[in-house]
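To start, the structure under review is shown below, and the notes come after it.
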Amino acid sequence: MFGLTIIKNSPVKIVILLIAVGSLVMTNVFFHFALSSNPTQSTTVQLRPQPNPIKSILLWNGSGRKEIRAFGLGQEAFINQNCTFTQCYMTDNRSEHPIEHYDAVVVVFNDEFTWEDELRMPQFKNGRNPNQRLVFCTQEAPVALKAYYNMTALSNLFNWTMTYRTNADIPFIYGRITPKAGALKPEDIARFRVRARRPGGPLRNKTVAWMVSHCDTHSQRETYVKELSKYIDVDIYGGCGNLSCALDVLHHSDPQCYDMLESNYKFYLSFENALCPDYVTEKFFKIMGHDILPVVYGGADYAKHAPAHSFIDAGKFKPKELAAYLKLLDANDTLYNEYFWWKDHYRVEFSVNDMSRHGFCDLCQKLHEPVDYKSYKELVSEWGDGNKCKPFDPSIIS
Ligand SMILES: *[C@@H]1O[C@H](CO)[C@@H](O)[C@H](O)[C@H]1NC(C)=O
Ligand SMILES: *[C@@H]1O[C@H](CO)[C@@H](O)[C@H](O)[C@H]1NC(C)=O
Ligand SMILES: *[C@@H]1O[C@H](CO)[C@@H](O)[C@H](O)[C@H]1NC(C)=O
Ligand SMILES: *[C@@H]1O[C@H](CO)[C@@H](O)[C@H](O)[C@H]1NC(C)=O
Ligand SMILES: *[C@@H]1O[C@H](CO)[C@@H](O)[C@H](O)[C@H]1NC(C)=O
Ligand SMILES: *[C@@H]1O[C@H](CO)[C@@H](O)[C@H](O)[C@H]1NC(C)=O
Ligand SMILES: *[C@@H]1O[C@H](CO)[C@@H](O)[C@H](O)[C@H]1NC(C)=O
Ligand SMILES: CC(=O)N[C@H]1CO[C@H](CO)[C@@H](O)[C@@H]1O
């Protein structure tokens, strides 16, 4: 858990707060006019101040990254993305207003930033605006960030987290698998599983595929796969193997690659590069969106992210046992097909657009909730040296 400080409001503080909030509401209303280029609209709003003034968000950095860029900027982005709350305005232009002006400042943390400017934290020359939220935003695992940031130096700075963690203030997750029509009852699930056993489905004569570009990882998935491939054929695509399916394979974004996988292979290795709590990425969700059975290896509790009996957890097997189990499923369509029982009853979201839309729509909504003071005393215990990522367990291959 993060060191969490909720500032309790004494009655006197509440009065001060109300005055502060009141004046801020006015400032925001006028800021709203400033944004509007339509003079008649400004006049109307001036006479009838809106109950929900526009909340302003500064994207401090990272606006060039695809998972951020996918959302867009301005207020139009919130409207075009069909957010429930559209009364927000987002910019990545640090010169538009002094930093303390914004209701939220989003700082993106990433391990692919190369310029010093991308890694630099905002400076508050005029002091912090006590009502402003500084948002720690990342989709990376702590072990990836460690080399780039000194998390110890980021104490008492951030108010909210926007990450893939289940305890994030604003969920920024790689995908979601949701029932199409309400929760399913256990008896429905049992019935669907029996029905899924029927023969059919594509005839595929290859077993295991893996697309991978990072060959030396914290999770040492490569060690597991090396052992696994002694017992079953594993076709490796991308930078770490000798197969390739499209130029774009490194970015896992070419749809043709997925069509190729789907028509040739029965299993796909959705192996994460780090074994960290809740860290389950598009490597899993994207495969769940296709007709191929994922074998997972990661630090998340996958049962929280996907229906029962919809994936195979490599962490529960030694490589040799896993190979034997995959061969059993390969030889028995009844058993293999059962893993697809859920397909007609759930919707899978896995795209960068979905991730971005949910994240920023939720951020806007949360900015409209009553002010609840919160700040992270430290980030080290979750995102720095104290992170809960597990090292590779060598006993799994012995
Ligand atoms: C928003 O809704 C409109 C109308 O239903 C639809 O055409 C559009 O694709 C939606 N946009 C997104 C990003 O979902
Ligand atoms: C950023 O905002 C400043 C001040 O409004 C403006 O002069 C400048 O042109 C903007 N930059 C971009 C890239 O839009
Ligand atoms: C990280 O920041 C802390 C606190 O500001 C400082 O004491 C420490 O020396 C820094 N560590 C490194 C490696 O720079
Ligand atoms: C696998 O199927 C492909 C066509 O789908 C076929 O060309 C190939 O010969 C088959 N390989 C084996 C070993 O059966
Ligand atoms: C790819 O590598 C594997 C083992 O490393 C080898 O058995 C296989 O023949 C290679 N395939 C090609 C097409 O070079
Ligand atoms: C496949 O597995 C099912 C369920 O365990 C079993 O009833 C069936 O006999 C198996 N089929 C073959 C061909 O082994
Ligand atoms: C955000 O965190 C800062 C630093 O801890 C704090 O001073 C400020 O009151 C917090 N603001 C909100 C709205 O929680
Ligand atoms: C990667 C990225 O988007 N970096 C941006 C961080 O924010 C500054 C200020 O808006 C931009 O100049 C960088 O390009």
Side-chain angles (χ1 to χ4, degrees), residues 2-10 13-14 16-18 20-21 23-25 27-28 55-58 60 66-86 88 90 99-107 109 116 119-137 142 145-162 169-170 176 178 347 349-364 366-381 383-387:
F2 290 97
L4 189 66
T5 321
I6 307 281
I7 302 166
K8 284 256 161 64
N9 294 307
S10 72
K13 276 186 186 158
I14 288 174
I16 296 170
L17 194 76
L18 285 175
V21 168
S23 53
L24 205 81
V25 164
T27 327
N28 273 331
K55 301 291 180 187
S56 59
I57 302 166
L58 174 64
W60 173 252
K66 64 179 189 308
E67 68 277 9
I68 308 289
R69 198 178 58 215
F71 189 79
L73 294 170
Q75 191 188 359
E76 303 87 84
F78 296 88
I79 296 164
N80 295 341
Q81 298 279 352
N82 303 329
C83 295
T84 315
F85 284 72
T86 55
C88 285
M90 187 153 74
I99 189 166
E100 61 274 14
H101 165 90
Y102 295 93
D103 295 293
V105 177
V106 177
V107 183
F109 285 69
E116 210 181 305
L119 295 166
R120 192 180 298 137
M121 293 299 120
Q123 303 296 313
F124 298 92
K125 296 194 189 76
N126 305 321
R128 293 282 297 268
N129 167 350
N131 297 306
Q132 178 184 77
R133 270 61 175 253
L134 192 60
V135 184
F136 172 89
C137 175
L145 298 177
K146 247 184 83 175
Y148 299 87
Y149 299 92
N150 180 355
M151 294 292 172
T152 313
L154 305 180
S155 311
N156 293 310
L157 194 60
F158 288 95
N159 303 98
W160 284 346
T161 58
M162 182 168 168
D169 298 292
I170 299 122
R176 44 191 94 201
T178 38
R347 187 178 52 239
E349 288 175 282
F350 57 79
S351 71
V352 163
N353 292 351
D354 293 331
M355 173 173 190
S356 195
R357 188 181 71 250
H358 282 293
F360 288 103
C361 286
D362 287 356
L363 172 62
C364 179
K366 205 166 159 66
L367 285 169
H368 283 90
E369 286 170 7
V371 178
D372 180 13
Y373 288 86
K374 173 175 187 177
S375 80
Y376 286 94
K377 249 190 284 191
E378 51 85 19
L379 290 174
V380 161
S381 63
W383 297 95
D385 288 337
N387 72 69

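Counting convention: from 1, in listed order, for ligands and their atoms alike. Since we're looking at a predicted model, the values are computed, not measured. Computation of the quantities below employed the complete heavy-atom set of this structure, encompassing side-chain atoms and omitting hydrogens, waters and symmetry-equivalent molecules.
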Quiz item: Centroid-to-centroid, Phe136 to Tyr376, below 6.0 Å?
Solution: no
Practice problem: Report, in ascending order of atom number, the atoms of ligand 7 lying under 4.0 Å from any heavy atom of Ser375. | Solution: 2 (O), 5 (O)
Self-check item: Distance flag for atom 4 (C) of ligand 1, protein heavy atom under 4.0 Å
Solution: no
Quiz item: Got a protein heavy atom sitting under 4.0 Å from atom 7 (O) of ligand 1?
Solution: no
Exercise. Check whether any N or O atom of Tyr373, backbone or side chain, sits under 3.5 Å from an N or O atom of ligand 7, and answer yes or no.
Key: no
Exercise. Distance to 0.1 Å, residue and atom name: give those for the protein heavy atom nearest to atom 13 (C) of ligand 3.
Key: Asn150 ND2, 4.4 Å
Exercise. Heavy atoms only: give me the nearest Met121-Leu154 pair and the separation to one decimal.
Key: CG-CD2, 3.7 Å
Exercise. Report, in ascending order of atom number, the atoms of ligand 7 lying under 4.0 Å from any heavy atom of Arg128.
Key: 1 (C), 2 (O), 3 (C), 4 (C)
Exercise. Before signing off on this row, confirm whether Gln81 and ligand 1 have an N or O atom pair separated by under 3.5 Å.
Key: no
Practice problem: Identify, for atom 2 (O) of ligand 1, the protein heavy atom at the shortest distance, and state residue, atom and that distance. | Solution: Asn82 ND2, 2.4 Å
Quiz prompt | Selected option - heavy-atom contact closest to atom 10 (C) of ligand 7, from Asn159, Asp372, Asn131, Val371 | solution = Asn159
Practice problem: Pull out every atom of ligand 7 sitting under 4.0 Å from any heavy atom of Asn156, numbered as shown with elements. | Solution: 4 (C), 5 (O)
Quiz item: Backbone, side chain, both or neither: what part of Asn80 comes under 4.0 angstrom of ligand 1, heavy atoms only?
Solution: backbone
Quiz item: So, Arg357 versus Asn80: side-chain donor-acceptor pair below 3.5 Å or not?
Solution: no
Quiz item: Are Asn131 and Tyr373 close enough that a side-chain donor and a side-chain acceptor fall under 3.5 Å?
Solution: yes
Practice problem: Select one of side chain, backbone, both or neither to describe which atoms of Gln132 lie under 4.0 Å from any atom of ligand 7, heavy atoms only. | Solution: backbone
Practice problem: Measure SG to SG for Cys88 and Cys83 and state whether it is below 2.5 Å. | Solution: no
Quiz item: Does atom CD of Glu116 have more than 12 heavy-atom neighbours from other groups under 6.0 Å away?
Solution: no
Quiz item: With a cut-off of 4.0 Å, which atoms of ligand 7 are near a heavy atom of Arg133?
Solution: 13 (C)
Quiz prompt | Asp354/Arg176 salt bridge by N-O under 4.0 Å criterion | solution = no
Practice problem: Kindly state whether the ring of Phe85 and the ring of Phe78 have centres lying under 6.0 angstrom apart. | Solution: no
Practice problem: Indicate yes or no: does Arg133 engage Asp169 in a salt bridge with an N to O separation below 4.0 Å. | Solution: no
